[in-house]
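This report refers to the structure that appears directly beneath it.
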Number of protein chains: 2
Amino acid sequence: MSETETTGSKYTRHSRDDVVGAALALLDGLGLPDLTMRRLAATLDVQPSALYWHFPNKQALLAAVADQIVARARPLPAGVSDWMPTARTEADALRDALLAFRDSAEVVSSTIALGLGSGEAFARLAGALAIGDFEPETARRGASALLHFILGHVSHEQQRMQADSLGVVTRTHSSNPTDAAAGASGREEFDFGVMLLLAGLERQPHSARSLS
Amino acid sequence: MSETETTGSKYTRHSRDDVVGAALALLDGLGLPDLTMRRLAATLDVQPSALYWHFPNKQALLAAVADQIVARARPLPAGVSDWMPTARTEADALRDALLAFRDSAEVVSSTIALGLGSGEAFARLAGALAIGDFEPETARRGASALLHFILGHVSHEQQRMQADSLGVVTRTHSSNPTDAAAGASGREEFDFGVMLLLAGLERQPHSARSLS
DNA sequence: ACCTGAACACCGTTCAAGT
DNA sequence: ACCTGAACACCGTTCAAGT
(Lines give C-alpha, C1' and ligand atoms only; values in the text may rest on other atoms or scores of the structure.)
Protein backbone atom coordinates (compact mmCIF):
# COMPACT_ATOMS: atom_id res chain seq x y z
CA MET A 1 0.00 0.00 0.00
CA SER A 2 2.69 2.57 1.00
CA GLU A 3 5.20 2.79 -1.82
CA THR A 4 8.61 4.26 -1.07
CA GLU A 5 9.70 6.61 -3.83
CA THR A 6 12.93 8.55 -3.55
CA THR A 7 13.35 11.81 -5.41
CA GLY A 8 15.01 12.19 -8.77
CA SER A 9 15.80 8.56 -9.54
CA LYS A 10 14.94 6.77 -12.72
CA TYR A 11 12.66 4.06 -11.32
CA THR A 12 10.19 3.69 -8.50
CA ARG A 13 12.15 2.18 -5.65
CA HIS A 14 10.81 -0.05 -2.93
CA SER A 15 11.72 -0.76 0.65
CA ARG A 16 11.77 -4.20 2.20
CA ASP A 17 8.46 -3.40 3.90
CA ASP A 18 6.88 -2.50 0.57
CA VAL A 19 7.78 -5.93 -0.71
CA VAL A 20 6.32 -7.67 2.35
CA GLY A 21 3.18 -5.58 2.06
CA ALA A 22 2.74 -6.45 -1.58
CA ALA A 23 3.34 -10.12 -0.82
CA LEU A 24 0.69 -10.01 1.89
CA ALA A 25 -1.80 -8.44 -0.50
CA LEU A 26 -0.99 -11.01 -3.15
CA LEU A 27 -1.34 -13.85 -0.66
CA ASP A 28 -4.73 -12.63 0.46
CA GLY A 29 -5.91 -11.92 -3.05
CA LEU A 30 -4.73 -15.00 -4.93
CA GLY A 31 -3.66 -17.54 -2.33
CA LEU A 32 -0.31 -19.16 -1.59
CA PRO A 33 0.08 -21.21 -4.79
CA ASP A 34 -0.17 -18.01 -6.84
CA LEU A 35 2.20 -16.03 -4.67
CA THR A 36 5.22 -16.42 -6.94
CA MET A 37 8.34 -14.29 -7.03
CA ARG A 38 7.63 -13.38 -10.63
CA ARG A 39 4.07 -12.31 -9.99
CA LEU A 40 5.11 -10.36 -6.91
CA ALA A 41 7.76 -8.58 -8.96
CA ALA A 42 5.17 -7.74 -11.58
CA THR A 43 2.81 -6.09 -9.08
CA LEU A 44 5.75 -3.96 -7.92
CA ASP A 45 6.71 -3.07 -11.50
CA VAL A 46 10.10 -4.61 -11.04
CA GLN A 47 12.13 -7.45 -12.46
CA PRO A 48 12.02 -10.75 -10.48
CA SER A 49 15.71 -10.48 -9.75
CA ALA A 50 15.13 -7.20 -7.90
CA LEU A 51 13.45 -9.12 -5.07
CA TYR A 52 16.72 -10.85 -4.32
CA TRP A 53 18.24 -7.62 -3.21
CA HIS A 54 15.70 -7.56 -0.35
CA PHE A 55 15.57 -11.27 0.50
CA PRO A 56 18.03 -14.10 -0.03
CA ASN A 57 15.26 -16.45 -1.20
CA LYS A 58 11.53 -17.05 -1.24
CA GLN A 59 11.46 -18.79 2.15
CA ALA A 60 12.94 -15.73 3.82
CA LEU A 61 10.27 -13.58 2.18
CA LEU A 62 7.56 -15.92 3.44
CA ALA A 63 9.05 -15.82 6.93
CA ALA A 64 8.74 -12.02 6.91
CA VAL A 65 5.15 -12.35 5.71
CA ALA A 66 4.42 -14.83 8.52
CA ASP A 67 5.91 -12.45 11.08
CA GLN A 68 3.69 -9.64 9.81
CA ILE A 69 0.58 -11.76 10.12
CA VAL A 70 1.33 -12.84 13.67
CA ALA A 71 2.42 -9.37 14.70
CA ARG A 72 -1.01 -8.05 13.77
CA ALA A 73 -2.72 -10.25 16.35
CA ARG A 74 -4.58 -8.06 18.82
CA PRO A 75 -2.68 -7.50 22.05
CA LEU A 76 -3.96 -8.74 25.38
CA PRO A 77 -6.46 -6.54 27.21
CA ALA A 78 -4.65 -5.11 30.22
CA GLY A 79 -4.96 -6.45 33.75
CA VAL A 80 -5.05 -10.22 33.51
CA SER A 81 -4.45 -12.52 36.41
CA ASP A 82 -5.60 -16.07 35.61
CA TRP A 83 -3.62 -18.16 33.19
CA MET A 84 -6.55 -20.04 31.73
CA PRO A 85 -8.66 -17.17 30.37
CA THR A 86 -5.43 -15.49 29.28
CA ALA A 87 -4.34 -18.50 27.28
CA ARG A 88 -7.81 -18.78 25.81
CA THR A 89 -7.69 -15.13 24.75
CA GLU A 90 -4.27 -15.50 23.18
CA ALA A 91 -5.42 -18.53 21.24
CA ASP A 92 -8.46 -16.62 19.96
CA ALA A 93 -6.35 -13.61 19.00
CA LEU A 94 -4.00 -15.86 17.09
CA ARG A 95 -6.84 -17.58 15.27
CA ASP A 96 -8.40 -14.24 14.32
CA ALA A 97 -5.09 -12.92 13.07
CA LEU A 98 -4.67 -15.99 10.90
CA LEU A 99 -8.21 -15.84 9.55
CA ALA A 100 -7.56 -12.27 8.39
CA PHE A 101 -5.34 -13.48 5.52
CA ARG A 102 -5.96 -16.27 3.08
CA ASP A 103 -3.70 -19.33 3.46
CA SER A 104 -1.89 -17.65 6.35
CA ALA A 105 -1.93 -20.70 8.61
CA GLU A 106 0.03 -22.69 6.05
CA VAL A 107 2.55 -19.88 5.68
CA VAL A 108 3.04 -19.50 9.42
CA SER A 109 3.09 -23.24 9.94
CA SER A 110 5.83 -23.94 7.42
CA THR A 111 7.83 -20.94 8.57
CA ILE A 112 7.75 -22.16 12.15
CA ALA A 113 8.51 -25.72 11.12
CA LEU A 114 11.61 -24.52 9.31
CA GLY A 115 12.60 -22.51 12.37
CA LEU A 116 12.74 -19.32 10.33
CA GLY A 117 10.64 -17.07 12.46
CA SER A 118 7.33 -16.25 14.02
CA GLY A 119 8.53 -17.28 17.45
CA GLU A 120 6.21 -14.55 18.61
CA ALA A 121 3.20 -16.83 18.37
CA PHE A 122 4.88 -19.38 20.59
CA ALA A 123 6.09 -16.68 22.96
CA ARG A 124 2.60 -15.28 23.47
CA LEU A 125 1.15 -18.68 24.34
CA ALA A 126 4.08 -19.54 26.57
CA GLY A 127 3.68 -16.17 28.26
CA ALA A 128 0.07 -16.90 29.06
CA LEU A 129 0.97 -20.25 30.57
CA ALA A 130 3.73 -18.64 32.59
CA ILE A 131 1.02 -16.90 34.62
CA GLY A 132 0.02 -20.28 36.03
CA ASP A 133 3.10 -21.49 37.84
CA PHE A 134 3.90 -24.54 35.76
CA GLU A 135 7.26 -26.17 35.45
CA PRO A 136 9.07 -24.33 32.65
CA GLU A 137 9.17 -27.53 30.65
CA THR A 138 5.45 -28.02 31.10
CA ALA A 139 4.73 -24.49 29.91
CA ARG A 140 6.97 -24.98 26.87
CA ARG A 141 5.33 -28.22 25.88
CA GLY A 142 1.88 -26.87 26.55
CA ALA A 143 2.48 -23.84 24.36
CA SER A 144 3.89 -26.07 21.65
CA ALA A 145 0.85 -28.35 21.74
CA LEU A 146 -1.49 -25.35 21.63
CA LEU A 147 0.36 -23.88 18.68
CA HIS A 148 0.27 -27.14 16.73
CA PHE A 149 -3.44 -27.46 17.32
CA ILE A 150 -4.14 -23.83 16.39
CA LEU A 151 -2.16 -23.94 13.16
CA GLY A 152 -3.55 -27.32 12.18
CA HIS A 153 -7.11 -26.32 12.87
CA VAL A 154 -7.00 -22.94 11.14
CA SER A 155 -5.13 -24.44 8.22
CA HIS A 156 -7.91 -26.97 7.85
CA GLU A 157 -10.52 -24.23 8.20
CA GLN A 158 -8.88 -22.12 5.50
CA GLN A 159 -8.56 -25.01 3.10
CA ARG A 160 -12.23 -25.76 3.55
CA MET A 161 -13.13 -22.12 2.93
CA GLN A 162 -11.23 -22.19 -0.32
CA ALA A 163 -12.69 -25.53 -1.37
CA ASP A 164 -16.17 -24.25 -0.59
CA SER A 165 -15.63 -21.08 -2.61
CA LEU A 166 -14.60 -23.26 -5.54
CA GLY A 167 -17.72 -25.37 -5.16
CA VAL A 168 -15.71 -28.55 -4.71
CA VAL A 169 -17.67 -31.47 -3.30
CA THR A 170 -15.09 -33.40 -1.33
CA ARG A 171 -16.60 -35.88 1.04
CA THR A 172 -14.49 -35.71 4.17
CA HIS A 173 -13.68 -38.55 6.57
CA SER A 174 -16.51 -40.63 8.02
CA SER A 175 -19.64 -41.18 6.02
CA ASN A 176 -21.37 -40.73 9.35
CA PRO A 177 -24.40 -38.43 8.94
CA THR A 178 -23.60 -36.72 12.25
CA ASP A 179 -20.70 -34.67 10.98
CA ALA A 180 -22.57 -33.54 7.93
CA ALA A 181 -25.49 -32.49 10.08
CA ALA A 182 -23.40 -30.84 12.74
CA GLY A 183 -22.25 -27.91 10.63
CA ALA A 184 -19.37 -27.45 13.05
CA SER A 185 -19.03 -23.68 12.97
CA GLY A 186 -15.25 -23.77 13.12
CA ARG A 187 -15.20 -21.46 16.06
CA GLU A 188 -16.86 -23.99 18.36
CA GLU A 189 -14.58 -26.78 17.25
CA PHE A 190 -11.58 -24.52 17.79
CA ASP A 191 -12.68 -23.57 21.28
CA PHE A 192 -13.24 -27.21 22.11
CA GLY A 193 -9.70 -28.20 21.15
CA VAL A 194 -8.18 -25.31 23.10
CA MET A 195 -10.34 -26.21 26.06
CA LEU A 196 -9.18 -29.84 26.01
CA LEU A 197 -5.55 -28.78 26.14
CA LEU A 198 -6.12 -26.22 28.90
CA ALA A 199 -8.15 -28.69 30.94
CA GLY A 200 -5.33 -31.17 30.56
CA LEU A 201 -2.81 -28.56 31.68
CA GLU A 202 -4.89 -27.72 34.71
CA ARG A 203 -4.24 -31.20 36.01
CA GLN A 204 -0.50 -30.71 35.82
CA PRO A 205 1.29 -29.72 39.04
CA HIS A 206 1.43 -25.96 39.65
CA SER A 207 3.70 -24.63 42.35
CA ALA A 208 0.98 -22.15 43.35
CA ARG A 209 -2.72 -22.58 42.73
CA SER A 210 -4.67 -19.40 41.95
CA LEU A 211 -7.47 -19.67 44.48
CA SER A 212 -7.67 -16.15 45.87
CA MET B 1 10.14 -52.40 -5.65
CA SER B 2 7.75 -54.83 -7.47
CA GLU B 3 7.66 -53.88 -11.11
CA THR B 4 4.79 -55.08 -13.20
CA GLU B 5 6.00 -56.34 -16.56
CA THR B 6 3.60 -57.87 -19.02
CA THR B 7 4.81 -60.33 -21.61
CA GLY B 8 5.75 -59.47 -25.13
CA SER B 9 5.23 -55.73 -25.12
CA LYS B 10 7.74 -53.16 -26.24
CA TYR B 11 8.24 -51.28 -22.96
CA THR B 12 8.26 -52.08 -19.26
CA ARG B 13 4.78 -51.30 -18.05
CA HIS B 14 3.78 -50.19 -14.60
CA SER B 15 0.72 -50.48 -12.44
CA ARG B 16 -0.70 -47.71 -10.34
CA ASP B 17 0.81 -49.37 -7.27
CA ASP B 18 4.24 -49.39 -8.87
CA VAL B 19 3.98 -45.65 -9.30
CA VAL B 20 2.93 -45.11 -5.68
CA GLY B 21 5.75 -47.36 -4.50
CA ALA B 22 8.33 -45.47 -6.52
CA ALA B 23 6.95 -42.18 -5.25
CA LEU B 24 7.21 -43.43 -1.67
CA ALA B 25 10.84 -44.46 -2.23
CA LEU B 26 11.64 -41.12 -3.82
CA LEU B 27 9.97 -39.24 -0.98
CA ASP B 28 11.95 -41.12 1.61
CA GLY B 29 15.17 -40.85 -0.31
CA LEU B 30 15.13 -37.25 -1.47
CA GLY B 31 12.36 -35.50 0.45
CA LEU B 32 9.15 -33.82 -0.67
CA PRO B 33 10.69 -30.86 -2.54
CA ASP B 34 12.56 -33.27 -4.80
CA LEU B 35 9.59 -35.55 -5.41
CA THR B 36 8.72 -34.14 -8.82
CA MET B 37 6.66 -35.75 -11.53
CA ARG B 38 9.61 -35.60 -13.89
CA ARG B 39 12.03 -37.22 -11.48
CA LEU B 40 9.47 -39.88 -10.59
CA ALA B 41 8.98 -40.62 -14.26
CA ALA B 42 12.73 -40.91 -14.71
CA THR B 43 13.07 -43.50 -11.95
CA LEU B 44 10.37 -45.53 -13.66
CA ASP B 45 12.05 -45.15 -17.08
CA VAL B 46 9.01 -43.49 -18.45
CA GLN B 47 8.04 -40.10 -19.89
CA PRO B 48 6.47 -37.62 -17.41
CA SER B 49 3.24 -37.67 -19.34
CA ALA B 50 2.87 -41.40 -18.67
CA LEU B 51 2.11 -40.64 -15.01
CA TYR B 52 -1.05 -38.86 -16.06
CA TRP B 53 -2.52 -42.07 -17.23
CA HIS B 54 -2.44 -43.31 -13.60
CA PHE B 55 -3.32 -40.08 -11.80
CA PRO B 56 -5.16 -36.94 -12.87
CA ASN B 57 -2.58 -34.70 -11.20
CA LYS B 58 0.20 -34.54 -8.66
CA GLN B 59 -2.12 -33.94 -5.69
CA ALA B 60 -3.95 -37.19 -6.40
CA LEU B 61 -0.64 -39.03 -6.49
CA LEU B 62 0.34 -37.50 -3.16
CA ALA B 63 -3.01 -38.51 -1.70
CA ALA B 64 -2.33 -42.12 -2.68
CA VAL B 65 1.12 -41.86 -1.11
CA ALA B 66 -0.40 -40.47 2.07
CA ASP B 67 -2.90 -43.33 2.20
CA GLN B 68 -0.07 -45.84 1.86
CA ILE B 69 1.84 -44.30 4.73
CA VAL B 70 -1.13 -44.28 7.06
CA ALA B 71 -2.21 -47.77 6.01
CA ARG B 72 1.14 -49.12 7.16
CA ALA B 73 0.54 -48.04 10.72
CA ARG B 74 0.64 -51.06 13.00
CA PRO B 75 -2.83 -52.38 13.86
CA LEU B 76 -4.15 -52.40 17.40
CA PRO B 77 -3.16 -55.31 19.60
CA ALA B 78 -6.30 -57.38 20.13
CA GLY B 79 -8.48 -57.25 23.20
CA VAL B 80 -8.70 -53.63 24.26
CA SER B 81 -11.27 -52.29 26.61
CA ASP B 82 -10.31 -48.82 27.91
CA TRP B 83 -10.52 -45.87 25.58
CA MET B 84 -7.56 -43.98 27.01
CA PRO B 85 -4.76 -46.50 26.51
CA THR B 86 -6.32 -47.39 23.18
CA ALA B 87 -6.21 -43.80 22.00
CA ARG B 88 -2.66 -43.49 23.27
CA THR B 89 -1.66 -46.60 21.34
CA GLU B 90 -3.28 -45.37 18.16
CA ALA B 91 -1.52 -42.04 18.46
CA ASP B 92 1.82 -43.80 18.92
CA ALA B 93 1.20 -46.11 15.98
CA LEU B 94 0.37 -43.11 13.82
CA ARG B 95 3.50 -41.26 14.88
CA ASP B 96 5.69 -44.28 14.19
CA ALA B 97 4.12 -44.78 10.78
CA LEU B 98 4.83 -41.16 9.94
CA LEU B 99 8.40 -41.29 11.20
CA ALA B 100 9.06 -44.24 8.89
CA PHE B 101 9.08 -41.94 5.82
CA ARG B 102 10.79 -38.63 5.35
CA ASP B 103 8.49 -35.60 5.11
CA SER B 104 5.46 -37.85 5.46
CA ALA B 105 3.67 -35.68 8.02
CA GLU B 106 3.60 -32.80 5.58
CA VAL B 107 2.26 -35.04 2.83
CA VAL B 108 -0.47 -36.50 5.02
CA SER B 109 -1.28 -33.12 6.52
CA SER B 110 -1.81 -31.35 3.20
CA THR B 111 -3.73 -34.32 1.81
CA ILE B 112 -6.11 -34.28 4.75
CA ALA B 113 -6.42 -30.51 4.63
CA LEU B 114 -7.48 -30.73 1.00
CA GLY B 115 -9.96 -33.44 1.90
CA LEU B 116 -8.40 -35.82 -0.60
CA GLY B 117 -7.91 -38.85 1.56
CA SER B 118 -6.30 -40.50 4.53
CA GLY B 119 -9.52 -40.42 6.46
CA GLU B 120 -8.19 -43.64 7.95
CA ALA B 121 -6.00 -41.75 10.41
CA PHE B 122 -9.02 -39.83 11.66
CA ALA B 123 -11.12 -42.97 11.72
CA ARG B 124 -8.66 -44.86 13.90
CA LEU B 125 -8.50 -42.09 16.47
CA ALA B 126 -12.25 -41.63 16.42
CA GLY B 127 -12.66 -45.37 16.83
CA ALA B 128 -10.51 -45.35 19.94
CA LEU B 129 -12.56 -42.55 21.45
CA ALA B 130 -15.75 -44.36 20.60
CA ILE B 131 -14.80 -46.96 23.22
CA GLY B 132 -15.34 -44.33 25.90
CA ASP B 133 -18.97 -43.37 25.57
CA PHE B 134 -18.58 -39.76 24.52
CA GLU B 135 -21.13 -37.72 22.68
CA PRO B 136 -20.51 -38.39 18.98
CA GLU B 137 -19.68 -34.73 18.49
CA THR B 138 -17.18 -34.85 21.34
CA ALA B 139 -15.47 -37.90 19.88
CA ARG B 140 -15.29 -36.23 16.47
CA ARG B 141 -13.75 -33.07 17.79
CA GLY B 142 -11.43 -34.94 20.09
CA ALA B 143 -10.13 -37.07 17.23
CA SER B 144 -9.72 -33.97 15.10
CA ALA B 145 -7.73 -32.19 17.82
CA LEU B 146 -5.55 -35.26 18.32
CA LEU B 147 -4.89 -35.52 14.60
CA HIS B 148 -3.95 -31.85 14.31
CA PHE B 149 -1.54 -32.17 17.18
CA ILE B 150 0.00 -35.38 15.87
CA LEU B 151 0.56 -34.05 12.37
CA GLY B 152 1.86 -30.72 13.61
CA HIS B 153 4.21 -32.29 16.06
CA VAL B 154 5.64 -34.94 13.75
CA SER B 155 5.90 -32.41 10.95
CA HIS B 156 7.96 -30.22 13.24
CA GLU B 157 10.04 -33.21 14.31
CA GLN B 158 10.77 -34.20 10.73
CA GLN B 159 11.74 -30.70 9.69
CA ARG B 160 14.15 -30.53 12.60
CA MET B 161 15.65 -33.89 11.64
CA GLN B 162 16.28 -32.60 8.15
CA ALA B 163 17.69 -29.29 9.39
CA ASP B 164 19.97 -31.13 11.78
CA SER B 165 21.22 -33.44 9.05
CA LEU B 166 22.08 -30.36 7.00
CA GLY B 167 23.95 -28.85 9.92
CA VAL B 168 21.76 -25.75 9.88
CA VAL B 169 21.99 -23.65 13.02
CA THR B 170 18.53 -22.15 13.32
CA ARG B 171 17.84 -20.71 16.72
CA THR B 172 14.25 -21.68 17.51
CA HIS B 173 11.76 -19.68 19.55
CA SER B 174 12.70 -18.53 23.03
CA SER B 175 16.31 -17.73 23.78
CA ASN B 176 15.57 -19.45 27.07
CA PRO B 177 18.40 -21.81 27.98
CA THR B 178 15.89 -24.37 29.26
CA ASP B 179 14.77 -25.58 25.87
CA ALA B 180 18.30 -25.88 24.58
CA ALA B 181 19.28 -27.87 27.65
CA ALA B 182 16.17 -30.02 27.70
CA GLY B 183 17.00 -31.97 24.58
CA ALA B 184 13.30 -32.73 24.29
CA SER B 185 13.51 -36.25 22.92
CA GLY B 186 10.52 -35.76 20.65
CA ARG B 187 8.88 -38.83 21.98
CA GLU B 188 8.36 -37.33 25.45
CA GLU B 189 7.04 -34.08 24.07
CA PHE B 190 4.68 -36.02 21.84
CA ASP B 191 3.37 -38.12 24.70
CA PHE B 192 2.85 -35.01 26.76
CA GLY B 193 0.66 -33.37 24.12
CA VAL B 194 -1.40 -36.52 23.63
CA MET B 195 -1.76 -36.84 27.38
CA LEU B 196 -3.03 -33.26 27.70
CA LEU B 197 -5.75 -33.89 25.15
CA LEU B 198 -6.79 -37.21 26.66
CA ALA B 199 -6.85 -35.74 30.16
CA GLY B 200 -9.03 -32.95 28.84
CA LEU B 201 -11.34 -35.47 27.21
CA GLU B 202 -11.62 -37.45 30.41
CA ARG B 203 -13.35 -34.47 32.00
CA GLN B 204 -16.00 -34.46 29.30
CA PRO B 205 -19.30 -36.16 30.09
CA HIS B 206 -19.37 -39.89 29.28
CA SER B 207 -22.65 -41.70 29.34
CA ALA B 208 -20.96 -44.72 30.96
CA ARG B 209 -17.81 -44.64 33.06
CA SER B 210 -15.49 -47.64 32.74
CA LEU B 211 -14.96 -48.49 36.38
CA SER B 212 -15.40 -52.24 36.47
C1' DA C 1 20.86 1.52 -2.23
C1' DC C 2 18.11 -0.59 -5.50
C1' DC C 3 17.30 -2.24 -9.98
C1' DT C 4 17.82 -4.27 -15.16
C1' DG C 5 18.66 -7.89 -18.62
C1' DA C 6 19.67 -12.13 -19.77
C1' DA C 7 20.35 -16.50 -18.79
C1' DC C 8 20.21 -21.40 -16.32
C1' DA C 9 18.03 -25.26 -14.86
C1' DC C 10 14.13 -26.61 -13.89
C1' DC C 11 8.62 -27.32 -13.08
C1' DG C 12 3.24 -29.51 -13.87
C1' DT C 13 0.17 -30.52 -17.44
C1' DT C 14 -2.03 -31.43 -22.15
C1' DC C 15 -2.75 -33.98 -26.17
C1' DA C 16 -2.39 -36.38 -30.43
C1' DA C 17 -0.44 -40.49 -31.59
C1' DG C 18 1.57 -45.05 -31.07
C1' DT C 19 1.48 -50.36 -29.53
C1' DA D 1 -4.05 -50.71 -21.02
C1' DC D 2 -0.14 -48.04 -20.94
C1' DC D 3 3.16 -45.22 -23.06
C1' DT D 4 5.86 -41.64 -26.42
C1' DG D 5 7.01 -37.06 -28.27
C1' DA D 6 6.50 -32.58 -28.42
C1' DA D 7 4.86 -28.68 -26.84
C1' DC D 8 2.80 -24.81 -23.50
C1' DA D 9 3.08 -21.84 -19.89
C1' DC D 10 5.23 -21.34 -16.29
C1' DC D 11 8.83 -21.54 -11.97
C1' DG D 12 13.14 -19.87 -8.39
C1' DT D 13 17.65 -18.17 -8.61
C1' DT D 14 22.25 -16.11 -10.21
C1' DC D 15 25.07 -12.57 -11.80
C1' DA D 16 27.28 -8.97 -14.28
C1' DA D 17 26.08 -4.50 -15.11
C1' DG D 18 23.69 -0.11 -14.63
C1' DT D 19 22.16 4.44 -11.85
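The model shown is predicted, which means the values in this text are computed figures rather than measured ones.
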Reading DNA chain D 5' to 3', how would its secondary structure be written in dot-bracket notation, given Watson-Crick and G-U pairs with both distances under 3.5 Å, brackets [ ] for crossing pairs and | for partners on other strands? ||.|||||...|||||.||
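Between A/G117 and A/I112, the closest heavy-atom pair is O-CG1, 3.7 Å. Taking every heavy atom of both residues into account, A/A93 and A/R124 meet most closely at CB-NH2, 4.2 Å. Looking at every heavy atom in both residues, A/A87 comes nearest to A/L129 through CB-CD2, 4.1 Å.
Not one side-chain nitrogen or oxygen of A/H54 sits closer than 4.0 Å to the OP1 or OP2 atom of C/dA1.
The interatomic distance linking B/R13 (CZ) with D/dC3 (P) rounds to 6 Å, in whole Å. One interatomic measurement links the two molecules: CG of A/D34 to P of C/dG12, which rounds to 16 Å at whole-angstrom precision. Between A/L61 atom CG and D/dG12 atom P the separation is 10 Å, expressed in whole Å. Nucleotide C/dG12 holds its P atom 7 Å from the CE atom of B/M37, rounded to whole Å. Nucleotide D/dC11 holds its P atom 11 Å from the CG atom of A/L35, rounded to whole Å. Taking atom CZ of residue B/F55 and atom C1' of nucleotide C/dG12, one finds them 15 Å apart after rounding to whole Å. The nearest whole Å value for the distance from the CH2 atom in B/W53 to the C1' atom in D/dC3 is 10 Å. Protein atom NE2 of A/H14 is 18 Å distant from nucleotide atom P of C/dA1, rounded to whole Å.
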Can you name the atoms? Protein N/O to nucleotides 5-7 of chain D N/O, anything below 3.5 Å, with the distance.
from: D/dG5; atom 1: O6; to: B/S49; atom 2: OG; distance (Å): 2.7

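When the P atom is used for both D/dA9 and C/dC10, the distance is 22 Å, rounded to whole Å. The C1' atoms of D/dC8 and C/dC11 are separated by 12 Å, rounded to the nearest whole Å.
Proximity of a side-chain donor or acceptor of B/H153 to a complementary backbone N or O of B/G186 within less than 3.5 Å is detected. Checked by atom type and distance alone, the side chain of B/D103 never pairs as donor or acceptor with a backbone atom of B/G31 at under 3.5 Å. A donor-acceptor contact shorter than 3.5 Å is absent between the side chain of B/D92 and the backbone of B/T89. Of the possible polar contacts, one joining the A/Q158 side chain to the A/A105 backbone as a donor-acceptor pair under 3.5 Å is found.
Side-chain atoms of B/K58 lie closest to C/dT13 of the nucleotides C/dT13, C/dT4, D/dT13.
Salt bridge B/E189/A/R140: present, at least one basic N to carboxylate O contact under 4.0 Å.
Counting any heavy atom pair closer than 4.0 Å across all strands shown, A/R39 reaches sugar-phosphate atoms only and no base atom.
Proximity of the aromatic rings of A/H156 and B/H148 is defined here by a centroid distance below 6.0 angstrom, and this criterion is met.
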